[in-house]
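Here's the structure we're looking at; comments come further down.
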Amino acid sequence: MAGYSVSPASPASPTSLAQPRKPGFSFGRLLLRIFLIVQALAVVYPILWNVLASFKTNEEVMESPWSLPTSLQWDNYSRAFKAARIGDYMFNSAFVVILSIAILLLAAMPTAYVLGRMRFRGRAFLTNFYMAGLFIGSVYIIVPLFILMNQMHMLDSRFWLSAVYATGTLPFAVYLMTGFMKAIPHDFEEAAMIDGCGYFGTLFKVILPMTRPAIITLFVFSFFDFWNEYVLAMTLITDDAKKTVPIGLSNLMQIQQFATDWGSLFAALVIVLIPTVIVYGLLQKKLTEGMMMGGVKG
Amino acid sequence: MKTRRGWFIAACLLPGLAMYLLFKVYPAVQVFQKSLYLWTGVADKPKFIGLQNFRDMFHDDAFLLSVRNTGLLMLVVPVVTLLIALVNASILTQSKLRERGFYRTVFFFPSILSFVVIAILWSFIYHPTMGFVNSGLEMLGLGDWALPWLGDQRTVLWALAVTLVWQAAGYYMVMYMAGIDSISPDLYEAASIDGATAFQKFFHITVPMLWEIIRVTIIFSINGVLTISFVLVAVMTAGGPDRHSEVVMTYLYGQAFTNSNFGYAMAIGVFIFVVSILLAFISNRLTQRGSH
């Protein structure tokens, strides 16, 4: 456990909360701050170390993990793009993520609308049928899925990978959206009908704009899910030109172990980090809000 | 009017249902059915062998070791993760530190990193010569404690456990923080007036009031261990050394795609499915009794 500075049951911290509002110096507060700073370092240092290593030469990387780079090796970055083709992997990932989210929304929204707001025979059954899907993980079904897609010539296709991703999140999306749909008052539909909106018009022009918060939640969740996905991408895509970032990176690590080009591996990791940090920065509030909606209230 | 309504409902349900049946329900049913077959290759014809795959499972030492490893991770990681998350969440909400927003952002950060990025990063952290765990120990004069953390049978699983905790603690912390924010401040104030220590407030207000959220996060966390441990093991250790970091998921995967043992892999799938439903049920039951 060395190198990991978080101790779960640090007795100092909870007790030291006793006088949180006392002005001036407090010993408890000092301990509290030390406790937090140590944890923050444990989180930040590995990432900082990665960024530093991406500017080092291979000799420097192997020499000492604590030293600073003597000069900035921007070359690592160009090798990550050219030789390691990290840009291609990122394009594939972006393509798959956007397509998956589009398919997911197109499938989940109408389903949730009908299940949440219309009465018809089989509605309760279908709702439960989708709920059951929450328990079906992707590793669990990977073998028959692979065989099925092999038979139907769906392997090595970014489109079908996206469809599988969308389906994976469908039960959760239907569950989240149905709950949200139920909360919208029925007057809106009646008014729309009187104004001559058809069923589809009502769904797309009246109801969908009202579910924006739920759509954003779903968007944020699925973005990270799809961007990170590993098992399915590894199994369903074998063509190197179609691989996504997680698979590209893990291949790269295996290759660099023999080529010992650590610098470009670290550069690749930093390149992959950048869009995540940007999305995080833009959506941080939505993300944590969404966690509440999606996770806890369920 | 009536039929138009019917057509509309059908049109709305159809795309989702078609996908769901094809990519999720059908494979899930197949797992159960084909777990009863001997099936060794994509082109081969499956041969019915009844429960033989399941019998084999319990005589397969490598499988049993992977069950033990997975079990240990599922037992230890959620407890440690959720404890850290809970303690941090109550510190950052209760003590009015000015910099709490900063810590919230920093602690949450690992949960947005790609699992593969985390796996690669941590395989370097644990690296025997390049890693900063060992060289840090040397700098502190504790060079004797240096180990090839991922290459030693005794430490490999716990090294992975630390990475799992590092990844998830901030995620649950944010969940708990939102939960604590919705607890009435009057409760804490009244307790302060009565002279309660922060320790007492933690156990008598925060934990009971958050109990429903804690229950949900226990199930989330167990599930998270199953998913993320697959990626960590696949990238960091490939199950080694000598299968001491193999988890059930990677074992299933290897049986299917390395050994072409499809029938057997699916029997393991059934095992995982049944056990994870049982676990969800049991942890739900256990935590219910403690409910206030």
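In what follows, chains carry the letters A, B, and so on, assigned in the order in which the sequence lines appear, proteins first and then strands, with residues in each chain numbered from 1. Nothing here was measured: the structure is a model prediction, and the numbers come from that model.
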Exercise. Can you tell me how far the CG atom of Asn223(B) sits from the CZ atom of Phe135(A), to the nearest 0.5 Å?
Worked result: 8.5 Å
Exercise. Can you find a heavy atom in the side chain of Phe35(A) that is under 4.5 Å from one in the side chain of Asn88(B)?
Worked result: yes
Exercise. Heavy-atom distance under 4.5 Å to chain A: side chain of Gln200(B), backbone, both or neither?
Worked result: neither
Seminar exercise, completed: Scored by heavy-atom pairs under 4.5 Å with chain A, the best of Tyr26(B), Phe107(B), Phe262(B), Phe102(B) is Phe107(B)
Exercise. Looking at Leu140(B), Val235(B), Thr81(B), which one has more heavy-atom pairs under 4.5 Å with chain A than the rest?
Worked result: Val235(B)
Seminar exercise, completed: All heavy atoms of Met130(B) vs all of Trp49(A), minimum pair found to be O-CZ2, 4.4 Å
Problem set entry | chain B contact via Ala166(A) - side chain, backbone, both or neither, heavy atoms under 4.5 Å | both
Exercise. Taking side chain as C-beta onward, heavy atoms only, is Gln39(A) less than 4.5 Å from Tyr103(B)?
Worked result: no
For this session: Locate the shortest heavy-atom distance separating Ile141(A) from Pro27(B); write the atom from each residue and the value.
Result: CB-CB, 3.8 Å
For this session: Side chain from CB out, backbone as N, CA, C, O: work out which of these in Tyr130(A) comes under 4.5 Å of a heavy atom of chain B, or both, or neither.
Result: both
Problem set entry | 4.5 Å side-chain heavy-atom contact, Val61(A) and Phe124(B) | no
Exercise. Quick one: what part of Met177(B) sits under 4.5 Å from any heavy atom of chain A, side chain, backbone, both or neither?
Worked result: neither
Exercise. Relative to chain B, which segment of Leu203(A) carries a heavy atom at a distance below 4.5 Å: side chain, backbone, both, or neither?
Worked result: side chain
Problem set entry | Portion of Met154(A) that has a non-hydrogen atom of chain B nearer than 4.5 angstrom | side chain
Exercise. What part of Thr105(B) lies closer than 4.5 angstrom to a heavy atom of chain A: side chain, backbone, both or neither?
Worked result: both
Problem set entry | Any donor-acceptor N/O pair, Lys34(B) side chain to Pro144(A) backbone, under 3.5 Å | no
For this session: Could you look at Leu22(B) and say if it's the side chain, the backbone, both or neither that has a heavy atom under 4.5 Å from chain A?
Result: both
Seminar exercise, completed: Assert top hit (heavy-atom pairs under 4.5 Å, partner chain B, pool Val245(A), Asn228(A), Leu252(A), Leu106(A)) equals Asn228(A)
Problem set entry | Under 4.5 Å from any heavy atom of chain B - which part of Ile142(A) | both
Exercise. Does the Tyr20(B) side chain pair with the main chain of Gly133(A), one donor and one acceptor, at a distance under 3.5 Å?
Worked result: yes
Exercise. Val29(B) versus chain A, heavy atoms under 4.5 Å apart: side chain, backbone, both or neither?
Worked result: neither
Seminar exercise, completed: Under 4.5 Å to a heavy atom of chain A? For Leu210(B) that would be neither
Exercise. Just wondering, are more than 12 heavy atoms of other shown residues or ligands nearer than 6.0 Å to CZ in Phe200(A)?
Worked result: yes
Problem set entry | Sub-4.5 Å side-chain heavy-atom contact between Met266(B) and Tyr140(A) | no
Exercise. Do the two ring centres, one from Phe115(B) and one from Tyr230(A), sit under 6.0 Å apart?
Worked result: no
Exercise. Only one of Val106(B), Ile118(B), Leu113(B) forms a side chain to side chain contact (heavy atoms under 4.5 Å, CB included) with Ile47(A), so which one is it?
Worked result: Leu113(B)
Problem set entry | Between Ser135(B), Ala161(B), Ser276(B), the one whose heavy-atom pairs under 4.5 Å with chain A are most numerous | Ser135(B)
Problem set entry | Part of Leu36(A) within contact of chain B (heavy atom distance under 4.5 Å) | both
Problem set entry | Nearest atoms (heavy-atom pairs only) where Met19(B) meets Ala107(A) | SD-CB, 4.1 Å
For this session: Pick one of side chain, backbone, both or neither for Ala265(B), based on which atoms fall under 4.5 Å of a heavy atom in chain A.
Result: side chain
Exercise. Between Ile136(A), Asn50(A), Thr276(A), which shows the greatest number of heavy-atom pairs under 4.5 Å with chain B?
Worked result: Ile136(A)
Exercise. Counting N and O atoms only, with roles assigned by atom type, does the side chain of Trp166(B) sit under 3.5 Å from a partner on the main chain of Ala42(A), one being a donor and the other an acceptor?
Worked result: yes
For this session: Please name the pair of heavy atoms, one in Ser123(B) and one in Met253(A), separated by the smallest distance, quoted to 0.1 Å.
Result: OG-CE, 3.2 Å
Problem set entry | Most chain B-contacting option - heavy-atom pairs closer than 4.5 Å, from Leu170(A), Leu273(A), Leu269(A), Val279(A) | Leu269(A)
For this session: Report the C-alpha distance between Trp7(B) and Tyr199(A) in whole Å, list the side-chain angles of each, state the deciding distance to 0.1 Å, and finish with yes or no for ring-ring contact (aromatic ring centres under 6.0 Å, His included).
Result: CA-CA 10 Å; Trp7(B) 280 113; Tyr199(A) 283 110; over 10 Å; no
Problem set entry | Engaged part of Leu147(B) at the chain A interface, taking heavy atoms whose separation is under 4.5 Å | neither
Problem set entry | Ring centres under 6.0 angstrom apart (Phe132(B), Tyr45(A)) | yes
Problem set entry | For chain B, the option from Leu126(A), Thr111(A), Val277(A), Asn150(A) that forms the most heavy-atom pairs under 4.5 Å | Thr111(A)
Problem set entry | Pair Tyr165(A)-Phe23(B), side-chain contact (heavy atoms from CB on, under 4.5 Å): steps then yes or no | CA-CA 9 Å; Tyr165(A) 280 181; Phe23(B) 293 129; over 6 Å; no
For this session: Quick one: which of Val272(A), Val231(A), Val44(A), Ile103(A) has the most heavy-atom pairs under 4.5 Å with chain B, could you say?
Result: Val231(A)
Problem set entry | Phe109(B), part contacting chain A, at a heavy-atom distance under 4.5 Å | both
Problem set entry | Step-by-step side-chain contact (heavy atoms from CB on, under 4.5 Å) determination, Phe108(B) to Val43(A) | CA-CA 9 Å; Phe108(B) 188 73; Val43(A) 170; over 6 Å; no
For this session: Sort out for me which of Leu265(A), Leu104(A), Val139(A) touches chain B most, counting heavy-atom pairs under 4.5 Å.
Result: Val139(A)
Problem set entry | Under 4.5 Å from any heavy atom of chain A - which part of Ala159(B) | neither
For this session: Specify the closest pair of heavy atoms between Ile120(B) and Leu249(A), including all atoms of both residues, with the distance to one decimal.
Result: CD1-O, 3.7 Å
For this session: Might you point out which heavy atoms bring Phe257(B) and Val143(A) nearest each other, and give the distance in Å?
Result: CZ-CA, 4.3 Å
